[in-house]
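Encoded as structure tokens, the structure appears first; notes follow it.
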Amino acid sequence: MSSSPAILPVTNQQAATQSQPPINSHAFRTFLSRLSSSLRESLSQRRPWLELVDRSSFARPDSLTDSFSRIRKNLAYFKVNYSAIVSLVLAFSLLSHPFSLLVLLSLLGSWMFLYLFRSSDQPLVLFGRTFSDRETLLALVLTTIVVVFMTSVGSLLTSALTIGIAIVCLHGAFRVPDDLFLDDQEPANAGLLSFIGNSAAASVVAARV
């Protein structure tokens, strides 16, 4: 009785490729880790809120030049607090408009998972068509332009940022900075947003390599 030949297992290369994660999980974790550490480091430079609202330190500026001088000094000293105020105004505006918030989150998710943190060996395939990185980037840029400049989302962001900046400038103009001790050794770009930007840029470079 002849024995049947042994059956070798066949590897489905296409299935194995599709089973790979669609994003570069290592780069994504690195981005979250750097973002978290940057936020902690930035928030550690936050000034006491009671110092920000000390009523005895408020006075009317003598001139427009005096206002600009106060704003410049207060921005350097309260930069993290001011960034938090603008962020809170922006967050409140978005939470009061759930549709705009959903659109922005969808746009952010598209950038993260379709381009920034997508594995370099995972081409983007939609509706049976493979898109190159350049085509994906162009589509995301055009979508962002449409969402920001041709919908109510753009006006909402502009209004929120204008209100936040107005609050900051108003406080900076009336807050007398004579009692503030500025650290000359502290870099001017060490604010909250610069920390986030530096973390994002470094992680994106790592993701695209």
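Note: hydrogens, waters and symmetry copies are ignored here, and every other heavy atom, side chains too, is used.
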Verdict with reasoning, Val103 to Val147, per side chain to side chain contact (heavy atoms under 4.5 Å, CB included): CA-CA 8 Å; Val103 171; Val147 169; 3.6 Å; yes

Side chain to side chain contact (heavy atoms under 4.5 Å, CB included) between Leu142 and Val146, worked out: CA-CA 6 Å; Leu142 292 178; Val146 171; 5.5 Å; no

Test side chain to side chain contact (heavy atoms under 4.5 Å, CB included) applied to Asp133 and Leu137, step by step: CA-CA 6 Å; Asp133 282 351; Leu137 177 61; over 6 Å; no

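Atom CD1 of Ile71 is separated from atom CG of Asp66 by 10.0 Å, given to the nearest 0.5 angstrom. In this structure, CZ on Arg175 lies 5.5 Å from CD on Glu51, to the nearest 0.5 angstrom. Atom OG1 in Thr143 sits 9.0 Å away from atom CG in Leu138 (nearest 0.5 Å). The structure places CZ of Phe78 at 6.0 Å from NE2 of His171, a figure rounded to the nearest 0.5 Å. Summarising the geometry, atom OG belonging to Ser100 is positioned 11.5 Å from atom CG belonging to Leu95; distances are rounded to the nearest 0.5 Å. Annotation: the span from His97 atom NE2 to Phe92 atom CZ amounts to 9.5 Å, rounded to 0.5 Å.
Here the side chain of Arg47 pairs a donor or acceptor atom with the backbone of Tyr77 at under 3.5 angstrom. Ser93 places a side-chain N or O within 3.5 Å of a backbone atom of Val89 that can act as its donor or acceptor partner. Remark: the backbone N or O of Val53 is not paired with any side-chain donor or acceptor of Ser57 at under 3.5 angstrom. Looking only at distances, no side-chain donor or acceptor of Lys73 sits under 3.5 Å from a matching main-chain atom of Arg70.
When the side chains of ILVMFWY residues are joined at heavy-atom separations under 4.5 Å, either directly or via intervening members, Leu161 and Leu88 end up in two distinct hydrophobic clusters. Both Leu101 and Leu108 are assigned to one and the same hydrophobic cluster, defined by single-linkage of ILVMFWY side chains at heavy-atom distances under 4.5 Å. Linking ILVMFWY residues whenever their side-chain heavy atoms come closer than 4.5 Å, directly or via other members, leaves Leu170 and Phe68 in distinct clusters. Leu102 and Leu156 sit in two unconnected hydrophobic clusters of ILVMFWY residues. Membership requires side-chain heavy atoms under 4.5 Å apart, directly or through other members.
The nearest pair of heavy atoms linking Ala59 to Val176 is CB-CG2, 3.7 Å. What you find for Pro177 and Asn74 is that their closest heavy atoms are CB-OD1, 3.9 Å.
Checking Val148, Leu107, Leu104 one by one against Val153, the side chain to side chain contact (heavy atoms under 4.5 Å, CB included) holds for a single residue, Leu104. Screening Val80, Ile165, Leu90, Leu52 for a side chain to side chain contact (heavy atoms under 4.5 Å, CB included) with Ile85, the sole residue that qualifies is Leu52.
In the displayed structure, Phe99 atom CZ is contacted under 6.0 Å by at most 12 heavy atoms of other residues, nucleotides or ligands.
The shortest side-chain heavy-atom distance between Val86 and Tyr82 does not fall under the 4.5 Å cut-off. Contact annotation: the side chain of Val141 approaches that of Trp111 to within less than 4.5 Å [non-hydrogen atoms, C-beta and beyond].
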